[in-house]
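Some notes on the structure that comes next.
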Amino acid sequence: MHLQAKLPVGSQQNNGNDMKKNTPKSIPPINLKKRFPFFIITLTCIIAIFGILSLGIGRYSLNFHQIIKIIFARTSPDTEISETMRTVLCNIRIPRILLALISGAGLSVAGAAFQGLLSNPLATPDTLGVATGASFGAALGILLGLNMIFIQVLAVVFGVVAVIIVYSISKFRGQSSIIMIILAGMVVSALFSALVSVIKYVADPQNVLPSITFWLMGSLSGTNFKTLILGSPFIIIGIFLIYILRWRLNVMSLHEDEARALGVNVQLVRALIIIGSTMITAAVVSMCGLIGWVGLLIPHIARMMFGNNNIHVIPASIVLGALFMLIIDTAARSITAAEIPVSILTAIIGAPFFIILLRKTGGIFV
Amino acid sequence: MFEIKNGSFGYEKNKTILSDINLKLGTRAILSILGPNGVGKTTLVKCMLGLLKWTSGETLLYGKPLKSLKKNEIWQKIGYVPQAKLYTFAYTVEEMVLLGRSSHLKMTEMPNKNDRYIAHECLKTLGVLHLKDKLCSCISGGELQMVLIARALATKPSLLILDEPESNLDFRNQLIILNTIKELREQGISSIINTHYPEHAIGISDKALLLKGDGTSICGSTRLVVTEAHLKYAFGVNVKIQNLVFGPFKHTCVLPVSIL
């Protein structure tokens with residue numbers, strides 16, 4: 001308390017100002033931060049409205065009136081509502097839209113978690129090789145002609161196997177350092193993508209190869225309640241795990257010794273966050289193939305809006321990711337007569353949007 | 001309060017970097033660690049804190065071996081202040097200082113109002129409360145160092161360990177940091193600082209530990225340890241120590257004169 005008088009900090013303030021002049025225009029995210037709850041609620045409402053609207057969009061279009069009728073008057077026979085309409089809505093569109101929301105939220109959270117954990121803004125859900133491992137599993141399943149459920153299981157298994165390999169490679173003298181984890185992730189990722197190439201090389205080019213290729217580009221088509229029920233619990237548990245650890249994630253992006261000296265069990269928190277992200281990524285890949293960009297793009301948009309504090313970044317990533325995937329998937333199934341692979345759209349829509357944001361904010365996360 | 005008994009350490013089996021370190025530090029005391037580059041000052045700090053394990057010997061905190069204490073118990077009593085450097089993700093000053101509350105919170109707990117109040121008090125103590133909403137990447141090096149000290153104080157420690165807190169800072173900021181450490185001693189917080197400046201050691205510390213190139217060390221009261229002969233031996237430099245008096249100020253100068 002006495003110190004304040006003894007330590008005039010006038011010159012320090014000047015230093016601060018000088019430095020500010022040199023740094024590019026950084027917009028302080030303070031105003032948005034105060035409105036954080038408002039933002040989350042608004043965006044949730046927008047997602048709900050858009051979700052219901054997108055039920056009617058697609059090759060077989062339904063109007064709002066019909067949608068309401070099908071949902072709320074399921075049992076009463078109605079001449080206006082055909083069996084086809086009901087099938088389209090209940091067995092195809094509802095599960096697909098739910099999958100879009102959940103996978104968008106999941107990939108964004110997994111990306112944000114890896115970026116914080118590895119203190120690397122370029123980290124994505126695939127940095128530890130989960131997605132490549134999972135896509136090898138799925139490609140193997142398709143090659144063997146297994147049915148959808150087994151393909152899904154195989155994808156999750158190989159996603160987890162990839163991370164276990166990465167983690168055991170990175171263990172050195174009983175500890176695993178960040179740089180070792182990143183390098184091991186790159187190596188394992190490269191290995192599995194080579195194995196995917198092997199499968200593509202031996203696959204029958206008439207029908208198996210195209211389906212592998214299409215699957216690798218990511219698509220939410222072919223979703224039904226069965227696959228959704230099998231995969232989504234992993235995603236939800238993963239998101240929940242990272243969500244409750246979100247403040248701890250802040251410490252993880254400091255240097256390791258510093259984090260430990262703040263009284264944090266670094267190895268445990270790191271393991272939990274890797275488990276959460278792995279569950280999410282493997283499950284998403286098992287259901288809808290490789291979807292790029294979301295895990296990189298959305299967390300950075302959240303950071304530009306609310307700063308780097310993960311207390312804000314994680315929830316914002318959940319809602320922004322869900323909305324983004326919903327829009328992308330609706331576009332993927334309605335722009336052209338044929339389904340467009342999701343990864344193509346995430347890059348084509350995502351990249352320019354991201355560039356505009358970067359230019360506008362000067363990327364305050366740097 | 002804080003004690004090291006026969007501490008030895010080496011990264012590889014046959015190469016010991018630190019051998020037989022002994023020191024004792026009471027309450028309201030400052031200890032400086034001096035030594036040439038690469039002699040193992042930072043390693044010593046890490047070993048003290050249990051971030052690296054002693055190959056033999058142990059650290060005692062309030063008479064109990066560090067190993068027997070829980071992580072939380074240790075880090076609620078010791079605050080560690082690393083050298084100010086840039087972080088990948090820039091947090092605001094307030095967020096950064098709140099991280100200092102980690103050892104008091106359970107794994108899934110979020111900082112609450114009380115934690116925020118403590119963080120603000122720590123910033124106020126160091127006179128940098130006005131920075132609280134600024135990003136750590138947009139403040140000066142001296143200010144960042146103060147913020148990191150505030151973060152360590154937020155744990156409410158009885159011992160601070162500072163790794164070269166005044167390196168890379170200008171004259172004025174160096175004095176601010178040193179005065180802060182002295183002021184904290186008056187408030188009952190002991191400090192161990194790692195420094196490159198024998199002058200600073202003489203200026204603020206009660207005790208000093210001088211690491212020599214061969215892994216041995218001398219520890220004792222500053223006046224007895226930081227002498228021309230010892231510095232000459234440890235750094236390989238001819239050193240002149242001179243007392244200057246400017247009115248009420250007494251200052252001890254340490255001049256490196258020539259290379260041996």
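Chain identifiers are assigned alphabetically (A, B, ...) following the order of the sequence lines, protein sequences preceding nucleic acid strands; residue numbering begins at 1 within each chain. Quantities reported herein were computed from a predicted structural model and do not represent experimental measurements.
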Contacting region of A:Asn120 [heavy-atom separation from chain B under 4.5 Å]: backbone
Side chain, backbone, both or neither: which part of [X] has an atom under 4.5 Å from a heavy atom of chain A?
X       : result
B:Lys70 : neither
B:Leu51 : both
B:Glu73 : neither
B:Leu86 : backbone

More than 12 non-hydrogen atoms from neighbouring residues, nucleotides or ligands closer than 6.0 Å to [atom1] on [X], yes or no?
X        : atom1 : value
B:Met107 : CE    : yes
B:Tyr91  : OH    : yes
B:Tyr62  : OH    : yes

Set of salt bridge (charged side-chain N to carboxylate O under 4.0 Å, His left out) partners for B:Arg28, sequence neighbours left out: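 With sequence neighbours excluded, B:Arg28 shows a salt bridge (charged side-chain N to carboxylate O under 4.0 Å, His left out) to no residue whatsoever.
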Under the salt bridge (charged side-chain N to carboxylate O under 4.0 Å, His left out) test, residues paired with B:Arg151 that sit two or more places apart: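 If we apply the salt bridge (charged side-chain N to carboxylate O under 4.0 Å, His left out) test to B:Arg151, skipping adjacent residues, the hits are A:Glu258.
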Max heavy-atom pair count under 4.5 Å with chain B, selected residue of A:Leu254, A:Leu262, A:Leu268: A:Leu262
Chain B contacts, top residue of A:Val251, A:Val264, A:Asn309, A:Ile311 (heavy-atom pairs, under 4.5 Å): A:Asn309
Selection from B:Gln76, B:His104, B:Glu95, B:Lys71 maximising heavy-atom pairs under 4.5 Å formed with chain A: B:Glu95
Heavy-atom pair count under 4.5 Å with chain A, highest-scoring of B:Ser103, B:Gly79, B:Gly50: B:Ser103
Within-4.5 Å side-chain heavy-atom neighbours: B:Pro111 and A:Trp247: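 Yes - at least one pair of side-chain heavy atoms lies under 4.5 Å apart.
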Pairwise side-chain contact, A:Ser232 with A:Phe234, heavy-atom cut-off 4.5 Å (strictly under):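 Sidechains of A:Phe234 and A:Ser232: no contact.
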A:Arg35 NZ/CZ over A:Phe38 ring centroid, <6.0 Å and within 45° of normal: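 Here A:Arg35 fails the 6.0 Å and 45° test against A:Phe38.
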Chain A neighbours within residues 152-163 of chain B, where any heavy atom lies under 4.5 Å away: none
Any donor-acceptor pair under 3.5 Å from B:Thr88 side chain to A:Ser119 backbone: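 A pair under 3.5 Å: yes.
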Of all pairs that satisfy salt bridge (charged side-chain N to carboxylate O under 4.0 Å, His left out), the ones with a partner from residues 96-106 of chain B, not counting sequence neighbours: B:Arg101-B:Asp115
